[in-house]
K.L.:
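Sharing a structure below in C-alpha cells format, with a few things to ask.
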Amino acid sequence: MDISLALGGGGAKGNSHIGVIRRLTNEGYRIQAVAGTSFGGLVAVLYAAGYSADEIERIFSDVDQSRLYRREPQDGPALLGLAGVRKWLRDVVGDKTFEDLKIPCAVTAVDIHSSNEVILASGFLKDAILATIALPGIFPPHKINEWVLMDGGVLDPVPVSVARMLAPDLPVVAVVLTDSLQAPVRAYHLPMPSILPRSIMDRISRMNFAQAFDIFMRAVDLSGRSVAYYRLQVDAPEVIVRPEVQHLSLLDKVNVREVVRLGETAVERALPELERVTSWVNRLGRKLVKVLR
C-alpha cells in the first residue's frame with residue numbers, strides 16, 4: 001500500500017523515525033513521499049535520497065555526537081554551533097540537491113523576518129537540513145537567499161499538510177514525537193562537554209543561567225505540545241504513530257539503536273489502524289475505478 005509520511009521534530013527523539021520507516025517498509029507499505037521538520041526533516045531527506053533505514057541507522061550510530069555542536073566564528077547568535085553537523089553533512093549529502101532525490105520530499109523552516117513558514121523543496125540538501133534543524137536560541141539560524149531560517153517546528157511540529165501536498169491521493173502517516181498535553185514536563189540541562197569533571201558540571205547546573213535555560217526549554221516544550229495538538233486536529237492525518245520517547249530530551253546523547261527500536265514498537269501498536277485505513281482506501285479506489293468505467 002502506498003503512503004505519504006510526515007516526520008515530526010524532536011531532536012534526539014528523532015532517531016525513532018528510522019525504526020518507523022523500517023517497520024513500515026517491512027510490513028509492505030511503500031513510502032511514496034516524505035515531509036519532515038527539524039530532526040524529522042533530516043531523516044526525510046536521507047530516506048528520500050535513497051538511504052535505507054539500516055543505512056541511516058548506521059550513519060547516525062557512527063557519528064561522534066559529542067563533536068556535532070561546536071561553534072565557529074561565523075555562527076550567528078545561539079547557545080551552540082553546528083560546525084560538526086556541517087562537516088558531517090558534507091560527507092553524507094555533499095552537494096546533492098532536491099533534484100537528486102528518489103521520491104518527492106520537502107522540509108519546513110520559519111523565516112525570522114516575515115514569521116512565515118517556508119517549504120524547502122529545491123536547492124542544496126545540506127542548506128535545507130541546516131535550516132530545518134535550527135532550533136531557536138540553541139542553534140544558529142541559517143540563511144538561504146533572502147530568508148533567515150529557523151526550525152520549522154516552531155509553527156508546525158509535524159508537517160502533515162506538506163506531506164499531503166506532495167502526494168494528495170495518498171493517506172498520510174504522521175510520526176509525532178511531542179508529548180501529550182497531560183504529560184509532566186521534564187527538567188532540561190545545559191549541554192556540556194563530557195570531559196568536564198562531574199563536580200564542575202553540578203556547579204554549573206546550579207547557576208542562574210542554567211536554571212533560566214531549564215525554564216526556557218520547559219516553556220518551549222509546552223508550546224510545542226500545544227501547537228502539535230492543534231495542528232494535528234486541523235490537518236487530520238489518516239494515521240498517527242507516536243513512539244514512546246518521552247524520557248528523552250532534545251539534545252541527549254543516545255544509543256541510536258535503542259531509540260530506533262522505539263519507533264519499530266510504535267508501528268507495531270499502530271498496525272491495526274494502518275490496516276483499517278489502507279483497506280478503506282483500497283475499497284474506495286476500487287469503487288472509483290468502477291464509476292469511471
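Just the heavy atoms: all of them, side chains too, but no hydrogens, waters or symmetry mates, feed the values below. When a residue number appears, it is its place in the shown sequence, counting from 1.
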K.L.:
Minimum heavy-atom separation for L166 and A33, please, with both atom names.
P.N.:
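The answer is CB-CB, 3.9 Å.
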K.L.:
What's the separation between atom CG in L170 and atom CD1 in I31, rounded to the nearest 0.5 Å?
P.N.:
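Taking CG in L170 and CD1 in I31, the distance rounds to 11.5 Å.
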K.L.:
Going by salt bridge (Lys or Arg N to Asp or Glu O under 4.0 Å), name the pairs with one or both residues in residues 25-35, residues two or more places apart or in two chains.
P.N.:
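Output for this query lists D2-R30, R23-E27.
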K.L.:
Shared ILVMFWY cluster between L46 and V63, side chains joined below 4.5 angstrom?
P.N.:
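Yes; V63 is reachable from L46 via cluster members.
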K.L.:
Does I3 belong to the same Ile/Leu/Val/Met/Phe/Trp/Tyr cluster as V176, with side-chain heavy atoms less than 4.5 Å apart forming each link?
P.N.:
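Unlinked, I3 and V176 end up in two clusters.
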K.L.:
Restricting to side chain to side chain contact (heavy atoms under 4.5 Å, CB included), what partner residues turn up for P141, sequence neighbours left out?
P.N.:
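With neighbours one apart ignored, the set is I112, V148.
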K.L.:
How would you list all residue pairs meeting side chain to side chain donor-acceptor pair (under 3.5 Å) that involve residues 77-87, not counting sequence neighbours?
P.N.:
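Every side chain to side chain donor-acceptor pair (under 3.5 Å) pair that includes a residue of residues 77-87, provided the two are not neighbours, is E72-R86, D75-R86.
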K.L.:
At their closest point, which heavy atom of A270 faces which heavy atom of V241, and how far apart are they?
P.N.:
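Scanning both residues completely, I find the closest heavy atoms to be CB-CG2, 4.0 Å.
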K.L.:
Rounded to the nearest 0.5 Å, what separates atom OG in S161 from atom CD1 in I119?
P.N.:
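That separation rounds to 6.5 Å.
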K.L.:
Looking only at non-hydrogen atoms, find the nearest pair between T132 and G41 and report the distance.
P.N.:
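In terms of heavy atoms, the two residues are closest at CG2-CA, 4.3 Å.
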K.L.:
In terms of hydrophobic clusters joined by side-chain contacts under 4.5 Å, are I21 and I103 together?
P.N.:
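Yes, same cluster.
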K.L.:
Tell me, which pairs form a ring-ring contact (aromatic ring centres under 6.0 Å, His included) where one or both residues lie in residues 37-65, sequence neighbours left out?
P.N.:
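Every ring-ring contact (aromatic ring centres under 6.0 Å, His included) pair that includes a residue of residues 37-65, provided the two are not neighbours, is F39-F60, F60-W88.
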K.L.:
Rounded to the nearest 0.5 Å, what separation is found between the CD1 atom of I129 and the CG atom of L82?
P.N.:
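Interatomic distance, I129 CD1 to L82 CG, rounded to 0.5 Å: 11.5 Å.
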K.L.:
Can you pull the salt bridge (Lys or Arg N to Asp or Glu O under 4.0 Å) pairs that have at least one residue in residues 114-126, sequence neighbours excluded?
P.N.:
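Non-adjacent pairs meeting salt bridge (Lys or Arg N to Asp or Glu O under 4.0 Å): D95-K126.
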K.L.:
Determine whether V162 and L5 fall in the same hydrophobic cluster, where Ile, Leu, Val, Met, Phe, Trp and Tyr are linked whenever their side-chain heavy atoms lie under 4.5 Å apart.
P.N.:
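As far as the 4.5 Å side-chain criterion goes, L5 and V162 are not connected within one cluster.
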K.L.:
Working to the nearest 0.5 angstrom, can you tell me the gap between D127 CG and L89 CG?
P.N.:
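D127 atom CG to L89 atom CG measures 9.5 Å (nearest 0.5 Å).
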K.L.:
Tell me if a side-chain donor or acceptor on S52 pairs with a main-chain N or O of E55 at a distance below 3.5 Å.
P.N.:
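Yes, because the side chain of S52 sits within donor-acceptor range (under 3.5 Å) of the backbone of E55.
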K.L.:
Tabulate below the donor-acceptor pairs under 3.5 Å that side-chain atoms of residues 149-160 make, not counting sequence neighbours, or state none.
P.N.:
| from | atom 1 | to | atom 2 | distance (Å) |
| --- | --- | --- | --- | --- |
| D151 | OD1 | G153 | N | 2.7 |
| D151 | OD2 | S38 | OG | 2.9 |
| D156 | OD1 | V158 | N | 3.4 |
| D156 | OD2 | R231 | NH2 | 3.1 |

K.L.:
Which heavy atom of H17 sits nearest to which heavy atom of V175, and what is that distance?
P.N.:
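Residues H17 and V175, closest heavy atoms: ND1-CG1, 3.3 Å.
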K.L.:
Looking at every heavy atom in both A48 and V34, which two are closest together, and how far apart are they?
P.N.:
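Smallest interatomic distance, heavy atoms only, reads CB-CG1, 4.1 Å.
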K.L.:
Please find the pair of heavy atoms, one from S4 and one from A163, that lie closest to each other, and give the distance.
P.N.:
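Looks like OG-O, 3.1 Å.
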K.L.:
Are P171 and V239 close enough that some pair of their side-chain heavy atoms sits under 4.5 Å apart?
P.N.:
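In short, these two side chains do not touch, never coming nearer than 4.5 Å.
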K.L.:
Is a side-chain N or O of R242 found less than 3.5 angstrom from the main chain of T178, in a donor-acceptor match?
P.N.:
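Between the backbone of T178 and the side chain of R242 there is a qualifying donor-acceptor contact (under 3.5 Å).
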K.L.:
Restricting to pairs with a member in residues 106-148, which pass ring-ring contact (aromatic ring centres under 6.0 Å, His included), not counting sequence neighbours?
P.N.:
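Qualifying pairs, neighbours excluded: Y69-F139.
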K.L.:
Tell me every residue that passes side chain to side chain contact (heavy atoms under 4.5 Å, CB included) with A128, counting only those two or more places apart in sequence or in another chain.
P.N.:
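Once residues adjacent in sequence are excluded, the partners of A128 under the side chain to side chain contact (heavy atoms under 4.5 Å, CB included) criterion are F98, V107, L120.
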K.L.:
Are L68 and V92 in one and the same hydrophobic cluster, where Ile, Leu, Val, Met, Phe, Trp and Tyr link if side-chain heavy atoms are under 4.5 Å apart?
P.N.:
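Per the 4.5 Å side-chain linkage, L68 and V92 are co-clustered.
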K.L.:
Can you measure from NZ (K96) to CG (L125) and round to the nearest 0.5 angstrom?
P.N.:
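Here the interatomic distance stands at 8.0 Å.
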K.L.:
Give me each pair satisfying ring-ring contact (aromatic ring centres under 6.0 Å, His included) with a member in residues 227-255, each pair once, sequence neighbours excluded.
P.N.:
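Sorted result for residues 227-255: empty, none.
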K.L.:
Would you call M1 and L274 a side-chain contact if the rule is heavy atoms closer than 4.5 Å?
P.N.:
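Counting from C-beta outward, M1 and L274 never come under 4.5 Å.
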K.L.:
Kindly state each residue pair satisfying side chain to side chain donor-acceptor pair (under 3.5 Å) with at least one member in residues 255-265, sequence neighbours excluded.
P.N.:
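Checked against side chain to side chain donor-acceptor pair (under 3.5 Å) - neighbours excluded - the pairs reaching residues 255-265 are R22-E264.
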K.L.:
Test of understanding: with ring pair (Phe, Tyr, Trp, His ring centres under 6.0 Å), list the residues that count as partners of Y29, not counting sequence neighbours.
P.N.:
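In terms of ring pair (Phe, Tyr, Trp, His ring centres under 6.0 Å), with neighbours along the sequence ignored, Y29 is linked to no residue.
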K.L.:
Output the distance between atom CG (L42) and atom CD1 (I56), rounded to the nearest 0.5 Å.
P.N.:
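The CG atom of L42 sits 8.5 Å away from the CD1 atom of I56.
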K.L.:
What salt bridge (Lys or Arg N to Asp or Glu O under 4.0 Å) pairs are there with at least one residue in residues 97-108, not counting sequence neighbours?
P.N.:
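Salt bridge (Lys or Arg N to Asp or Glu O under 4.0 Å) check on residues 97-108 returns no pairs.
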